[in-house]
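To start, the structure under review is shown below, and the notes come after it.
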Amino acid sequence: MSEKTKTLPIHEELVDLYLNNLDLITEGSADLLNQHREEAIQHFKLLGIPTTKNEKYKYSKIDNLFTYDYEKYFAPKKITFNVDDIFRCDIPELDTHLALVLNGFYLSKTEKITTLPSGVIIGSIAEAAKLYPEYFKNRYNTLAENDSDGLVALNTAFAQDGIFIYVPRNVAESKPIQIINLLMSNENQLVQYRNLIVVEEGAQANVLVCDHALSPNRFLSNVVTEIFLGDNAQLEFVKMQNEHNDSAQLTHTYVLQQRDSRLKTNMLSLHGGFIRNNLSVELAGEGADSQTYGLYLTDRTQHTDNYTYIDHAVPNCTSNELYKGILDDQATGAFNGRIMVRRDAQKTQAYQSNNNLLLTADARMNTKPQLEIYADDVKCSHGATVGQLDMEALFYMRARGIGEREAKLLLMFGFVHEVVKQISIDTLRERIDDMVNKRLRGELSRCHNCPMHCC
């Protein structure tokens, strides 16, 4: 696919795109979203697209992704397909509340907002901002780093829709909430959307996000998600990325945790041409606990980069971080994990680990675990490994009659299962195990068993 002939620098062209289409961008959105756009585009003018000179993006060439010709839609494009087929899930035992985003716009056969019997609200973020402004006040766009990350500012300026989830105080929603992000177009497409998740005091929820590209065209997604956990709230957030080699994902997830809240995130990057995931968690209330996990499986010339920032802002909080990856062929990867323990954050317990397997001499992994500690009464550790399969374990298995290929697959599966087993929903964990196994065997290019490839 040929690159676009440029007459302006990339960031200037995007600013012109914004100015020339401002009426279309604001028309279908909400005032609460629109009021942040002007400041965001000014930040983007100054920051531009991050380059490898930016320490956070040292190992990922982001600007190259924007050099292709992309269609930019400022209203939902009508696509003919059977919505019932999309919602027919490949995990029949997994009973979920489903929400669908198609090319960055919330899609529903009926209403744009659904209120469950428990009081949980799920729907279009643009519609929710109009109906429930009280839930957006002092939340929307308060965690996103518009002033320091050009990609986040770009999203704030352009995003028109996405998903809104609200879990009321002391409500424990029994069913997982499943968000299916689909990319489907006859042209190359740039997609930017926004998500807001609010879990109030004492509430509990499980959110599963599935990302899929259903067309063979080139896609670039730039997505921002803000998550708020109230006192004693609990959230398990699982994101599964399973797109084709011509897709690129840039995701930015921000979480604010209050007193005694419990967070578990699991980022599963099973397939995709270029993936960059940013995760920022602030433990702002004493007793908060954050468990962050990640898995990335890359081959051919795929690239996956994870940047995490865990901010211990107050005393008596705990965090545990484990990311694992397997890289094959000429794949490249990066992990940059930073733990901040602030001066007053005494009694902090924070642990970080990044482990990687390289299956070929051409695969490359850059890893940089970091601890920045300003308190003196803490328990913290961090570490990283990059290596090959254990030859002694492989010899042991082959000596007992297991073929070489099967022995290697078993070792790889055991290596990554430490991440997958953290998923608390049994049927989902079993399905992800199956998908990981197929991915390692080279049988999975996307979640192909479902009629529309959704997970």
Side-chain angles (χ1 to χ4, degrees), residues 59 90-91 211 238-245 247 266-275 277 292-306 321-335 337 352-369 383-423 426-449 453 455:
Y59 302 110
D90 190 39
I91 316 173
D211 297 329
V238 179
K239 184 173 178 65
M240 192 188 71
Q241 298 168 308
N242 193 23
E243 299 181 353
H244 56 59
N245 285 336
S247 69
N266 207 319
M267 188 72 69
L268 306 168
S269 302
L270 300 187
H271 209 283
F274 187 104
I275 297 174
N277 296 316
T292 56
Y293 301 94
L295 166 64
Y296 41 98
L297 306 177
T298 59
D299 59 13
R300 302 183 186 181
T301 58
Q302 295 173 349
H303 177 79
T304 301
D305 183 355
N306 285 285
E321 185 175 4
L322 175 63
Y323 275 68
K324 286 194 166 190
I326 299 179
L327 293 81
D328 201 355
D329 303 323
Q330 293 83 42
T332 56
F335 173 82
Q352 181 188 84
S353 182
N354 174 231
N355 307 117
N356 303 277
L357 287 178
L358 303 184
L359 302 184
T360 68
D362 294 323
R364 292 287 183 271
M365 181 68 196
N366 295 286
T367 181
K368 186 180 179 182
T385 61
V386 179
Q388 293 77 41
L389 288 171
D390 187 336
M391 290 297 103
E392 289 187 7
L394 185 61
F395 175 80
Y396 178 88
M397 297 174 74
R398 295 196 65 193
R400 279 147 182 81
I402 301 175
E404 181 178 3
R405 181 173 184 271
E406 193 65 27
K408 288 181 177 179
L409 288 169
L410 288 171
L411 288 175
M412 288 189 288
F413 183 80
F415 174 77
V416 299
H417 185 67
E418 188 177 0
V419 172
V420 178
K421 73 179 183 180
Q422 303 299 330
I423 299 172
D426 293 340
T427 50
L428 175 60
R429 184 176 61 253
E430 291 166 5
R431 175 60 181 138
I432 297 298
D433 268 340
D434 180 60
M435 293 182 68
V436 168
N437 190 32
K438 287 180 178 179
R439 177 71 172 98
L440 293 174
R441 293 175 182 274
E443 300 171 3
L444 178 71
S445 61
R446 52 185 174 179
C447 189
H448 58 285
N449 291 331
H453 311 299
C455 77

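- Residue Asn266 comes nearest to Val419 through the heavy atom pair ND2-O, 3.2 Å, listed as atom of the first residue, atom of the second, then distance.
- Salt-bridge check for Arg429 with Asp433: failed, with every basic side-chain N at 4.0 Å or more from each acidic carboxylate O.
- Of the inter-residue distances, the one linking Phe415 atom CZ with Asn355 atom CG reads 5.0 Å to the nearest 0.5 angstrom.
- Between Lys438 and Asp434 the shortest side-chain heavy-atom distance falls below 4.5 Å.
- Here the CD-OG distance, from Glu418 to Ser353, works out to 7.5 Å after rounding to the nearest 0.5 Å.
- The nearest pair of heavy atoms linking Ile275 to Ser269 is CD1-CB, 3.9 Å.
- Only one option out of Leu297, Leu295, Leu389 pairs with Ile326 in a side chain to side chain contact (heavy atoms under 4.5 Å, CB included); it is Leu297.
- Here the straight-line distance linking atom CG of Leu394 with atom CG of Leu410 works out to 10.0 Å at 0.5 Å rounding.
- Atom OG1 of residue Thr304 and atom CE of residue Met267 lie 11.0 Å apart, to the nearest 0.5 angstrom.
- The two residues His303 and Tyr59 come nearest to each other via the heavy atoms CE1-O, 3.1 Å.
- Considering only heavy atoms from C-beta on, Leu428 stays 4.5 Å or farther from Met240 through its side chain.
- Asp305 and Tyr296 are not linked by any side-chain donor-acceptor pair at a separation below 3.5 angstrom, with hydrogens and angles left out of the test.
- Separation of atoms OH (Tyr323) and CD (Gln352) is listed at 9.5 Å; rounding is to 0.5 Å.
- The only member of Leu359, Asp299, Asp362, Thr301 that meets side chain to side chain contact (heavy atoms under 4.5 Å, CB included) when paired with Asp329 is Asp299.
- Side-chain contact of Gln241 with Asn277: a donor-acceptor pair under 3.5 Å is present, judged by distance alone.
- The pair Arg441-Glu406 meets the salt-bridge criterion, since a charged nitrogen lies less than 4.0 angstrom from a carboxylate oxygen.
- Between atom CG of residue Asp328 and atom OG1 of residue Thr298 there is a gap of 8.0 Å, rounded to the nearest 0.5 Å.
- Side chains of Leu358 and Arg364 form no contact here, defined as non-hydrogen atoms less than 4.5 Å apart.
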